[in-house]
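All remarks here apply to the structure that follows.
Because only heavy atoms are used, hydrogens play no part in the values below, and waters and symmetry mates are left out as well, while side chains stay in. When a ligand or atom number is given, it counts from 1 through the structure's own listing order.
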Amino acid sequence: MTRYKTYRIKRQAVLSEEEGSMMNSAIILLSTIIQLIHCASYPDVKSLLSNISEFTLSEDGKLNFTQLVTKYGHTAEQYEVVTEDGYLVKLFHIPGIRSSVLLTHGLGTDADPYVIRGNGSLGIALADEGYDVWLLNNRGTKFSRRHTELDPDKDKKFWDYSLHEMGYYDLAATIDFVLYQTGEEKILAIGHSQGASQFFALTSLRPEYNEKVKLFLALAPGAFFFNMPPLFQIVASAGPLLLELGKTLGIEELCKDRGALLFLIKTICTKGIISYEVCVRAAIFPFLGYNPAGFELSFLRTLFGHAPSGFSRKCLEHYDQLYLRKKFAQFDYGFRGNLGKYGSRNPPDYALSKITADVAIMSGKLDTLSLIENGKILKSKLPNVVHFEEIEKTTHIDFVLSREASKYLFPSIFRLLQKYD
Ligand SMILES: *[C@@H]1O[C@H](CO)[C@@H](O)[C@H](O)[C@H]1NC(C)=O
Ligand SMILES: *[C@@H]1O[C@H](CO)[C@@H](O)[C@H](O)[C@H]1NC(C)=O
């Protein structure tokens with residue numbers, strides 16, 4: 001009890017000092033509303049903005065995934081994998097001689113951030129170590145806006161998915177594809193945030209996939225959201241209202257590639273010190289953890305050439321439910337919907353006890369979204385956690401984006417993978 005109290009007080013102190021002001025909360029609430037409204041991509045807004053200013057991206061902000069991998073000394077291949085429910089998800093491959101490692105990304109991004117810091121990013125660093133690296137781009141991201149029948153621009157049904165389907169279908173198809181392609185029996189897998197949620201959804205519902213994974217490393221996993229910081233609570237509590245508003249406005253896709261919202265974000269967030277205040281200090285740090293050393297000013301011009309990437313409103317809704325219901329469970333369709341879909345009033349929990357694969361968890365000491373305490377709760381519910389580690393000087397996004405990840409994070413990852421290689 002005492003330890004828990006100390007922890008909470010410390011966290012609040014950090015919040016109030018750095019960014020917990022009401023002002024910031026107001027800005028964020030407002031910007032969330034603006035984002036939702038603009039997300040639907042109105043062409044007039046877009047042309048207006050394009051007249052006002054242009055992006056000022058760095059070289060690495062302009063290069064695409066393939067070009068970045070080439071620039072940093074490797075080659076990249078692209079595959080399209082068809083899921084059982086008809087989505088075409090893009091899979092990148094950086095060939096190597098050691099075991100295959102599959103990387104899955106967080107909500108609002110795609111595989112790009114895994115290579116945008118050159119040899120200081122996990123995708124390239126693993127390739128430098130000789131691993132055979134595979135990177136999934138979940139359905140709905142800018143690389144995976146395709147379906148055998150559905151048109152993402154016309155069919156709302158395309159956007160009817162959350163972490164559940166990205167696990168059950170996208171990840172399953174990808175694992176099978178990598179095994180087929182490499183002739184291996186098992187792979188190594190690393191998932192950041194939602195990338196971990198989708199892994200747990202898959203392996204709890206289709207336990208046979210546990211047999212296909214030597215080790216799963218969950219970085220800042222998103223499963224439980226107890227004792228969240230005040231700012232998160234404010235926004236997450238407003239979530240149902242904002243999401244309902246989005247639904248009413250017919251907004252199914254968020255952060256559409258070349259859409260107005262993305263244009264707005266990229267325009268505002270690539271302008272130097274003002275951008276850093278607005279996009280990083282006011283919008284990223286308060287939610288995901290405060291660490292200016294990991295996220296320097298000049299990195300804006302690279303990051304916003306690649307992020308955010310598209311996702312469905314339902315993805316956010318599912319996470320909001322995980323927080324509000326305090327359960328790692330399937331999507332809540334309401335009383336009637338649940339009865340029809342699951343035959344029960346409430347959505348079933350993901351049966352974590354069925355996840356027999358070796359799992360490692362790394363939680364960041366500065367992460368204010370995937371809290372260490374919640375990582376420990378996850379650990380207590382999984383039958384086979386082989387490793388749990390708290391990573392110094394690491395926020396939620398630092399796992400993928402920090403300038404210092406090669407110092408604080410990669411050595412732990414390499415040590416762990418080595419044991420399973
Ligand atoms: C990057 O651009 C090159 C040249 O236009 C293209 O051949 C390649 O397919 C692109 N890669 C991706 C991941 O879009
Ligand atoms: C990345 O490459 C540069 C230049 O070759 C080198 O100085 C640096 O140590 C490398 N960093 C890592 C993390 O390997």
Side-chain angles (χ1 to χ4, degrees), residues 55 57-82 87-96 98 101-105 109-146 152 170 174 177-178 181 190 219 255-259 262 266 291 293-296 298-299 302-311 362 391-394 397-418:
F55 309 150
L57 297 176
S58 66
E59 179 180 299
D60 285 6
K62 288 178 194 154
L63 295 178
N64 71 19
F65 184 93
T66 320
Q67 294 160 334
L68 282 167
V69 171
T70 308
K71 175 175 171 183
Y72 292 105
H74 298 271
T75 53
E77 301 168 350
Q78 306 179 39
Y79 297 91
E80 220 157 36
V81 179
V82 188
Y87 288 79
L88 281 77
V89 294
K90 187 159 273 186
L91 183 61
F92 293 138
H93 181 210
I94 310 173
R98 293 175 75 176
V101 184
L102 172 64
L103 299 179
T104 52
H105 60 80
T109 67
D110 48 40
D112 274 354
Y114 278 123
V115 299
I116 59 178
R117 278 201 184 269
N119 64 348
S121 35
L122 189 56
I124 304 285
L126 285 167
D128 284 346
E129 292 286 307
Y131 287 102
D132 188 49
V133 185
W134 298 81
L135 304 102
L136 167 62
N137 293 284
N138 279 312
R139 59 181 65 187
T141 60
K142 64 177 178 280
F143 296 118
S144 304
R145 269 179 107 265
R146 290 187 66 195
D170 300 0
T174 305
F177 182 84
V178 174
Q181 204 64 21
I190 301 177
L219 303 174
C255 299
K256 176 183 178 169
D257 194 25
R258 288 188 279 272
L262 210 60
K266 290 182 177 200
N291 183 22
F295 193 148
E296 73 285 16
S298 59
F299 185 54
T302 299
L303 178 65
F304 286 101
H306 298 277
S309 190
F311 55 97
M362 293 185 184
I391 307 294
E392 294 290 339
K393 301 196 195 295
T394 297
I397 52 168
D398 282 346
F399 280 97
V400 177
L401 296 177
S402 174
R403 175 166 58 172
E404 304 183 317
S406 60
K407 192 155 124 198
Y408 297 109
L409 177 66
F410 296 175
S412 293
I413 295 183
F414 295 155
R415 262 198 306 275
L416 186 67
L417 295 188
Q418 180 114 38

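A salt bridge is defined here as a Lys NZ or Arg NE, NH1 or NH2 lying under 4.0 Å from an Asp or Glu carboxylate O, and Arg117 with Asp60 fails to meet this definition.
Relative orientation of the Trp134 and His93 rings is parallel, given thresholds of 30° and 60° on the angle between their planes. Between Phe65 and Phe92, the two ring planes are parallel [angle under 30°; tilted spans 30° to 60°].
Between the side chains of Asp110 and Ser309, a donor-acceptor pair is found at a separation under 3.5 Å.
At distances below 3.5 Å, not a single donor-acceptor pair connects side-chain atoms of Ser144 with backbone N or O atoms of Gly140.
Screening Asn64, Thr109, Asp112 for a side-chain hydrogen bond (donor to acceptor under 3.5 Å, both in side chains) with His306, the sole residue that qualifies is Asp112.
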Pairs under 3.5 Å, N/O atoms on ligand 1 and on the protein: can you put them in a table with the distances?
from     : atom 1 : to    : atom 2 : distance (Å)
ligand 1 : 2 (O)  : Asn64 : ND2    : 2.3
ligand 1 : 9 (O)  : Gln78 : NE2    : 3.0
ligand 1 : 11 (N) : Asn64 : ND2    : 2.9
ligand 1 : 11 (N) : Thr66 : OG1    : 2.7
ligand 1 : 11 (N) : Gln78 : NE2    : 3.4

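Taking a cut-off of under 4.0 Å to the non-hydrogen atoms of Ser406, the atoms of ligand 2 that pass are 13 (C).
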